[in-house]
Amino acid sequence: MNASKYYLLAYDVALENLSTLYVYKVPEEQVGLARYLLNQERVPHTISKEPGTTGLKICTTDRSSLLESKLGYEYHAEEAKPSEKTLNRLISSAVRLRFLEEGWVSSVSKIYKPDPSKAKPLINNLALRYEHSVRLTVDDLSSGRKALFIDPTSKIEFTKTLDYISKVYPEQAKEISFIKIKGTPTSFYIVHNEEARESYKEVYSKVAEAISVYQGLKVSFPKNTREVVTATPKSLRLNNILRSKIPNLPLSEKRVVLPLPAEVLVPVGTLENVSLFGSTPSLVIPPEERVEKVKNIASELDLERLDFSGIRVKIGREKLLSITSRDFIEISYSNEELKKLWDWEPTFKNDPSRRRLLLIVKLKADIKTYSDKCLQATQKIYEGLKNRFPEVFNVQYTDVLVSLEDLDAIVSTYSGGYDEKYVVLLYDRDLDKHGNLVGRFELGFAQRGFYPHVIDLSTEDGYDSKIKFKLMNIIRDFAVRVNAVPSAPSPPPQLRGISVVGIDSTIVPLKRSHVYVGVAITLIKPDGSIDYDVKISRLAESDVDVLTSVIRDELRQNPRLLVIVNKSSLDSFLENLGSETLKDCILVSVTKTHSYSRLLAKYNDKFVNLSKTNLFVRLAPSYNGGVQISRYLANTTTYSRGSYEAGTIRPVLFNIAGSIDHDIILQYLQKLTYYAPISKSWLPSIPWPLHKSDKICKKINRILKAAGESSILVDIPQDVWRKL
DNA sequence: GGCTCATTGCCTAGTTGGCT
DNA sequence: AGCCAACTAGGCAATGAGCC
């Protein structure tokens, strides 16, 4: 494919007029009210803290008579030139006001039109899919061009309440556990509790009142209800409010149990709940359709000229923003180089001094049992591993289903005399819906000195193909742990002798709250070879704290580091670490979730996903204490078959800070993204060290959850942690 | 030091479905 | 096993100053 041009789902923005800005100092408790009033009188605004001053300020493009008359605020004309960030927020506010004028409603991070005629019915009208729903952002490209990014989404909402559903769909109703109050985002988990059910007459009105205050909108419950549902709030904050306001509510696992009338409840519109009533519809939006939606919405809303008091913005919506060579770079690579990074075989050496056990175990689920296809699959996995590792591992297999009580017996039967013990846990996700069982097994085996590895058999269809891929992935994963990887991506000359570390964090549940634990994984040593070394950090109260302390620990051992963090911004790290750090060290953050645009190409007059992973769009750099942070949007994956375009690929955001040319760092990061020792069939979309630390964090999270209250005291041997 | 107001942005965590 | 797409929800920081 020869794409002649690249496009963003965005329109050019021209700021035609901006008068003096006004600033109001606002007491904290009135910020929300003030915003509400400003929306009422159509005044674009943003809340920001200007450097060098103290005080919460609402910055507006015009004086607000409501703020002055109703709340008695005094205005100040702002003399300083607004920052680009403030400017972009004001423009974004103006755009959002136009949407609100047209009856759109703000949701968590999107804005949508709750108009049934703009929605498609789902599952026999039980739910609606609102298709007029978008995410909006204003930002600058590196050339200085300003863009309004518009990304279409859907919003799914159930329309029928639980009393109806339990009558018409009694079987499905039993399966629903995640619910919310209709017309609000307040959600609950169903918990059966007789005491709470009995108390409904006394506490109904109090519960409705407390939720109204929490939500800021009126919630009322019918006095006579035929069906009472008992549930705990998902929100910890709401839980605590209810607990203090209504004493004597029954408790379940530290959460209050409430009686709620079924008439006001709907299932939360998750895919899981929708799927109970039939197969879920496809929600993916391919590029052409996505572009059409953006164009339709833009024309319906008349975004061309946004004329608000004190600000006039012109949106060039006649055509999508096509990016010029000033705003992107293409980093090419040779096919041979890619093949070498991707398509390798492990180089296991038989080391008689290290006896390695590979134990294959099927988990015993409580009630249901495994399908024939799953059982066949386990047999194939055993044979595959046995044949693939004749010298390296002693592969053992237990044919019986293993329960948690059997662990000690299993361990004593199989594990004598080995230096390294690996266990592959086979299970069916459908028999362990919430993963509790897997976590407990991982914990149990890790405590007994095994490195646990999990395979889900639920998608087995009885054919060989999937097992083949799974086996290949397991083998490659083990190869990494025992340093049997033939080559790592060679760094560019400027980065020789630098170690690469991926860092992520996860939550540790505590009795009344939680703390964070960080994971640093060194994957590339200074000489360019693989070094699989997992380090678990001390605990800290926030993820930034824990990540910063992990970075500090790593730098103490080796200041020449390329640190990759899973965040969308580097600001908090630069502030904590200081710019001195960047003399030797390179800080990079990467994220898949952001509100920036998709990257599209045009082919045969149609918008399509990019077919290559070499495009990097430059956003305007940001600065923090004089340190330049380069920002790039990059397409890191492709649809493997050109004609198959189910959805629109989401680009990845890179932030780079450091004293080496950022384009060169980017080139190395790109290589690390192609370097995929885990799957032979698919490339990860983020650099491998970060990908790996993310996976290890998830595993640690499962283990600590399974350990429950005593999670901090988990007695897992150090060497197992290090190779987790 | 924690909590409060409201809102946005960015994150985690979980789901289904299609793919190799 | 992994990847992607898509959806849902809540948590927390940011935004500050005052109150207990």
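Just so it is clear, the structure is predicted and the values come from calculations on it, not from any experiment. Residue numbering restarts at 1 for every chain, and letters A, B, ... go by the order of the sequence lines. Hydrogens, waters and symmetry mates are skipped; everything else that's a heavy atom, side chains included, is used.
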If I take atom [atom1] in residue [X] and atom [atom2] in nucleotide [N], what distance separates them, rounded to the nearest angstrom?
X	N	atom1	atom2	value
A:Arg129	C:dA5	CZ	P	16 Å
A:Leu547	B:dC11	CG	P	12 Å
A:Ile179	C:dA9	CD1	C1'	14 Å
A:Phe149	B:dG9	CZ	P	13 Å
A:Asn566	B:dC10	CG	P	14 Å
A:Phe178	B:dT15	CZ	C1'	11 Å
A:Tyr189	B:dT15	OH	P	10 Å
A:Lys155	C:dA6	NZ	C1'	14 Å

Think [X] has a side-chain N or O under 4.0 angstrom from the OP1 or OP2 of [N]?
X	N	answer
A:Thr270	B:dT16	no
A:Asn273	B:dT16	no
A:Lys234	C:dT8	no
A:Arg598	C:dA6	yes
A:Ser685	C:dC4	yes
A:Thr506	B:dA13	yes
A:Lys180	C:dA9	yes
A:Thr137	B:dG9	no
A:Ser187	C:dG10	yes

Out of [options], which nucleotide sits closest to the side chain of [X]?
X	options	result
A:Arg96	B:dG9, C:dC7, C:dA6	B:dG9
A:Ile156	C:dC7, B:dC11, B:dA13	C:dC7
A:Ser154	C:dC7, B:dC11, B:dG9	C:dC7
A:Arg290	C:dA6, B:dC11, B:dA13	C:dA6
A:Asp504	B:dC11, C:dT8, B:dT12	B:dT12
A:Ile649	B:dT15, C:dA5, B:dA13	C:dA5
A:Arg650	C:dA6, C:dA9, C:dC4	C:dA6
A:Val268	B:dT12, B:dC11, C:dT8	C:dT8
A:Val284	C:dA5, B:dA13, B:dT8	C:dA5
A:Lys698	C:dT8, B:dA13, C:dC4	B:dA13

**OP:** Grab the two heavy atoms, one from A:Cys59 and one from A:Leu21, that are nearest each other, plus how far apart they are.
**Re:**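 Looking at all heavy atoms of both residues, the closest pair is SG-CD1, 3.7 Å.
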
Subject >> Candidate pair A:Thr648 and A:Arg598, rule side-chain hydrogen bond (donor to acceptor under 3.5 Å, both in side chains), full reasoning >> reply: CA-CA 7 Å; A:Thr648 315; A:Arg598 318 291 176 128; 4.9 Å; no

**OP:** Would you kindly compare A:His453 and A:Ile686 by the position of their nearest DNA chain C nucleotide and give the one closer to the 5′ end?
**Re:** A:His453

Subject >> Non-neighbouring partners of A:Arg135 that pass side chain to side chain donor-acceptor pair (under 3.5 Å), sequence neighbours left out >> reply: none

**OP:** Under the side chain to side chain donor-acceptor pair (under 3.5 Å) rule, collect the residues that match up with A:Thr153, sequence neighbours excluded.
**Re:**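 With sequence neighbours excluded, A:Thr153 shows a side chain to side chain donor-acceptor pair (under 3.5 Å) to A:Ser133, given in chain and number order.
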
**OP:** If the plane angle is over 60° it's perpendicular, under 30° parallel, otherwise tilted; pick one for A:Phe393 and A:Tyr422.
**Re:** perpendicular

Original post:
Under a 4.0 Å N-O cut-off, is there an ion pair linking A:Lys692 with A:Asp504?
Top reply: no

Original post:
So what does A:Leu271 touch, heavy atoms closer than 4.0 Å: a base, only the sugar-phosphate, or nothing?
Top reply: base

Subject >> From A:Phe99, A:Tyr112, A:Tyr130, residue fulfilling ring pair (Phe, Tyr, Trp, His ring centres under 6.0 Å) relative to A:Trp104 >> reply: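 For A:Trp104, the ring pair (Phe, Tyr, Trp, His ring centres under 6.0 Å) check succeeds only for A:Phe99.
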
